[in-house]
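The structure presented is a predicted model; accordingly, all values stated were derived computationally and were not measured. The chains referred to below are lettered A, B, ... by the order of the sequence lines, with proteins before strands, and numbering in each begins at 1.
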2 protein chains.
Amino acid sequence: MKTKERIVRSTARLMQRQGYAATGLKQISQESGATLGSVYHFFPGGKAELAIAAVRHGGKEFADMLRETLEREDDPATAIAACADELAEGMRASQWQDGCPIVITALESAGRALDIQRAAEEEFAAWRELVSGKLRRTGYPEDVARELAHTVISTLEGAEMAAQVGESEEPLRLAGRHLARLITSYRP
Amino acid sequence: MKTKERIVRSTARLMQRQGYAATGLKQISQESGATLGSVYHFFPGGKAELAIAAVRHGGKEFADMLRETLEREDDPATAIAACADELAEGMRASQWQDGCPIVITALESAGRALDIQRAAEEEFAAWRELVSGKLRRTGYPEDVARELAHTVISTLEGAEMAAQVGESEEPLRLAGRHLARLITSYRP
DNA sequence: GTCTATAAAGCGATAGAC
DNA sequence: GTCTATCGCTTTATAGAC
C-alpha cells in the first residue's frame, strides 16, 4: 500500500477512536510506519489537513456500508433496521471501540476549525442522500424522504454513541426497530 | 460564587465546546479566575477528576431542562417535541456553540478513561429515566416506555450533533416531529 | 521520498512560600 | 486556600542531509 494511503488510514482510525486533539502526529507516523518527514511531505498543511483527509476517508467508509446494506433489502424500513443491526455488530466486534468514524472530530471542530467542520457536514449530507434516495425509489414523496433521512441519520448517530458509551447493542437494535416503524407509518 | 463551583462550571463549559483533550488546565484556571494551585487543591486527581465533575454538572443541567420541559405538557409526544424545540432554540441562541454538554467528553473517554465513561453513562441513563417515567405516567407499558426512552435520547443526541455541525435547527425540529409521531403510534 | 535532529511552545502535575 | 515558579515531558512544525 502507498505511504500516503497508509497515513490517511491510520489517521482516520486514530481519530475515530480518540478524536482530533488527542491524536498526535508522532502516533500517526508510528502507526502508519511513515516517518514524520513523510507525513509532512504528503500533508504540508499538518494536522488540520490530515483531519480533513481522515474525515473524507471515514465518510466514504460509512457511506459504503450504508449503500450496500440498503441495496440488500427491498423494503426501506427493513433496510434501515438492517443498517442499525450492522452497526451494532461492528460495534460489538470491535469491543465498543469503533463508533462513528467522524463524529468526535466533527464535534471537536464545530465552530473552531471551519474546513474540518465543513468536510464532516458534507459527509453527513452524503449519508442522508443515500437514505433519501432509497426512500424516493420506493415511492416516498421527495419532501417526506428528505425529512425522514435526516432523522434516520440523526438516530443512527445518537444510538451508535449510546451503544459505545454504554457498551451495549441495545440502543442500536431499538433504534433500528423504531425507525422501521416510523418509516412504515409514512408508507405511500 | 464559591471557587470550587466556578472551576466546575468553567470546566464543564470548556469541555462541552472543545472536549476533554483540547481543554487545558491553564485555560480552566484562567477562565474560572482560580489559580492552578487552587484547581489542584480542590481536584487533587487533576484533569480526570475535573472531567468527572464536569460531566456530572452538565448531566444535571440537561436533566433539569428535560424535566421542566416534560412537565410543561401533558401529552408525552408533544412534550418530547417541545424538548427538541427547546434544544434547537438553545443551539441557535449560542450560535451553534453549545451542543450536548457531555457528548464529546463521553466519546473521547470511551474505552480509555473508564471512570469518566461510567459517569457519562450514568447521566445518559438518568435522562432516559426521565423520559421513561413521563411515558409510564401517561399509561405506556413499562417495557414500551423503557425502549422508547432509549430511542428518544439517542435521536435527540444525534439531532443535536447534526444541528451543531450543520449549523441548522432543522435536524432537531424534524427529530421532534418524528419522535412525537413514533410515540403517538404506541399510544395505549 | 525518506530520515534524523531540533526548535519553540504548551502540557499536566508538583513544591513550597504565604 | 491562594499564589508563583518550575520540573519533565510532549506537542506541532521545520531544516537539511541523504
Side-chain angles (χ1 to χ4, degrees), chain A residues 1-55 57 104-105 108-109 111-117 119, chain B residues 1-57 104-117 119:
Chain A
M1 201 193 308
K2 284 233 181 294
T3 303
K4 185 169 181 178
E5 203 189 326
R6 285 207 321 274
I7 294 171
V8 172
R9 284 167 112 96
S10 295
T11 307
R13 213 179 104 99
L14 287 166
M15 290 192 180
Q16 172 180 37
R17 299 190 175 184
Q18 308 176 333
Y20 177 81
T23 299
L25 294 182
K26 286 243 171 71
Q27 200 180 5
I28 291 169
S29 142
Q30 201 170 341
E31 190 117 340
S32 65
T35 62
L36 199 55
S38 293
V39 173
Y40 274 101
H41 171 75
F42 288 110
F43 299 92
K47 199 176 175 179
E49 191 183 344
L50 270 165
I52 294 174
V55 164
H57 180 88
I104 310 185
T105 304
E108 282 179 290
S109 72
R112 351 185 68 74
L114 296 180
D115 38 1
I116 305 177
Q117 178 182 356
Chain B
M1 199 195 307
K2 284 236 182 294
T3 303
K4 184 169 182 177
E5 204 189 326
R6 283 205 324 272
I7 295 170
V8 173
R9 285 165 111 95
S10 296
T11 307
R13 214 178 102 99
L14 288 166
M15 291 192 179
Q16 172 181 35
R17 300 190 174 182
Q18 310 178 333
Y20 178 82
T23 299
L25 294 182
K26 288 243 171 74
Q27 200 181 4
I28 291 170
S29 143
Q30 201 169 341
E31 190 116 340
S32 66
T35 62
L36 198 56
S38 292
V39 172
Y40 274 100
H41 171 76
F42 288 111
F43 299 93
K47 199 177 175 179
E49 190 183 346
L50 270 165
I52 294 175
V55 164
R56 299 288 185 204
H57 180 88
I104 310 185
T105 303
L107 285 169
E108 283 178 289
S109 72
R112 353 184 65 76
L114 296 179
D115 38 0
I116 304 176
Q117 177 181 359

Whole angstrom is fine here: how far is it from CD in B:E5 over to C1' in D:dG1?
-> 17 Å
Heavy-atom side-chain proximity of B:V39 to B:L50 below 4.5 angstrom | yes
Which nucleotide in C:dA13, D:dG1, C:dG1 has an atom nearest any side-chain atom of B:H41 = D:dG1
Determine: side-chain N/O of B:S38 to OP1/OP2 of D:dT2, distance under 4.0 Å, yes or no.
-> yes
Separation of B:Q27 atom CD from C:dG12 atom C1', in whole Å?
-> 14 Å
Are B:L25 and B:Y40 close enough that some pair of their side-chain heavy atoms sits under 4.5 Å apart?
-> yes
Check every strand shown and say whether B:Y40 touches a base, only sugar-phosphate, or nothing at a heavy-atom separation below 4.0 Å.
-> base
First of A:G24 and A:G37 reached from the 5' end of DNA chain D, by closest nucleotide | A:G24
Among the candidates C:dC11, D:dA13, C:dT2, find the nucleotide nearest to the side-chain atoms of A:T35.
-> C:dT2
Cut-off 3.5 Å, side chains only: do B:T23 and B:Q18 have a donor facing an acceptor?
-> yes
What is the distance from NZ of A:K2 to P of C:dG1, rounded to the nearest Å?
-> 7 Å
Return yes if some donor-acceptor pair links the side-chain N/O of B:S32 with the main-chain N/O of B:S10 below 3.5 Å, else return no.
-> no
Please determine if a side-chain N or O atom of A:T3 lies less than 4.0 Å away from the OP1 or OP2 oxygen of C:dT2.
-> yes
B:K26 NZ - D:dC7 C1' separation (whole Å) = 12 Å
Over how many whole Å does the gap from B:L25 atom CG to D:dC3 atom P extend?
-> 17 Å
Rounded to the nearest angstrom, tell me the gap between atom CD1 in B:I28 and atom P in C:dG12.
-> 8 Å
Return the value, rounded to whole Å, for the distance between atom CG of B:L36 and atom C1' of C:dA15.
-> 12 Å
Under 4.5 Å between any side-chain heavy atoms of A:Q16 and A:I104, yes or no?
-> no
Atom pair distance, as rounded to whole Å: CD in A:Q30 and P in D:dT11 | 10 Å
Quick one: label B:T23 by what it contacts on the DNA or RNA (base, sugar-phosphate, nothing), any heavy atom closer than 4.0 Å.
-> sugar-phosphate
Side chain of B:F42 - closest among D:dT12, C:dT2, D:dT2 | D:dT2
